[in-house]
Amino acid sequence: MMRLLAAAVLLCASATALAQLRTVPANAKRGEMRHLQDMIVQIDKAQARLAPGARIRDIHNRLMLPAAIPPGSIVKYRTDAQGMVSEVWILTPQEAAQSAPPKLVLPPGK
């Protein structure tokens, strides 16, 4: 009976963990990121420094090291008061498609 109860509690806890949604702040900027060296990353052709204690989250919302950033990752990021990158969220393909800039459609003949 105790094992059944323990299994039920474990199942509920894991279901709760799976149901957690991550929220990326609306003011986060979008870019393509790659790790260059140490605390230096490249965002859309420009180099940027990671802030001390910068948090980088993968598509599963787990924290990761800067060197583990897959090259060419589509991300949302925020900077601190000094302009250093303080938070990064690597986007899933669905999140990247939702946050993609609108495509410019030109009228025919232009």
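Remember, predicted model here, so these are calculated numbers, not experimental data. Heads up: numbering here begins at 1 and tracks the sequence. Just so it is clear, the values below take in all heavy atoms, side chains as well, and ignore hydrogens, waters and symmetry mates.
- The shortest non-hydrogen separation linking M39 to A51 is CE-O, 3.6 Å.
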Apply side chain to side chain contact (heavy atoms under 4.5 Å, CB included) to residues T79 and K29 and explain how you reach the verdict. CA-CA 9 Å; T79 55; K29 300 173 192 166; 4.0 Å; yes
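- The shortest non-hydrogen separation linking T92 to I59 is CG2-CB, 3.7 Å.
- Of the possible polar contacts, one joining the D80 side chain to the Q82 backbone as a donor-acceptor pair under 3.5 Å is found.
- Shown are D58, V75, I69; of these, the side-chain contact (heavy atoms from CB on, under 4.5 Å) with V88 is made only by V75.
- Salt-bridge formation is detected for the pair E95/R22: a Lys NZ or Arg NE/NH1/NH2 atom is positioned less than 4.0 Å from an Asp or Glu carboxylate oxygen.
- To the nearest 0.5 Å, atom CH2 of residue W89 and atom NZ of residue K76 are 9.5 Å apart.
- How far CD of E32 is from CD1 of I74: 4.5 Å, rounded to the nearest 0.5 Å.
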Residues Q47, V41; criterion side chain to side chain contact (heavy atoms under 4.5 Å, CB included); working and verdict: CA-CA 6 Å; Q47 289 188 11; V41 294; over 6 Å; no
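- When atom types are taken as modelled, the side chain of S86 and the backbone of R78 share a donor-acceptor pair closer than 3.5 angstrom.
- Summarising the geometry, atom CD1 belonging to I56 is positioned 5.0 Å from atom CG belonging to L50; distances are rounded to the nearest 0.5 Å.
- Atom CE in M64 sits 12.0 Å away from atom CZ in R57 (nearest 0.5 Å).
- Between the OG atom of S73 and the CD1 atom of I43 there is a distance of 11.5 Å, given to the nearest 0.5 Å.
- Minimum heavy-atom separation, D44 to G31: OD2-CA, 3.4 Å.
- Within 6.0 Å of the CZ atom in R49, the count of heavy atoms belonging to other residues, nucleotides or ligands does not exceed 12.
- With rounding to the nearest 0.5 angstrom, the CZ atom of R55 is 8.0 Å from the CG atom of L63.
- Between P71 and H35, the closest side-chain pair of non-hydrogen atoms is not below 4.5 Å.
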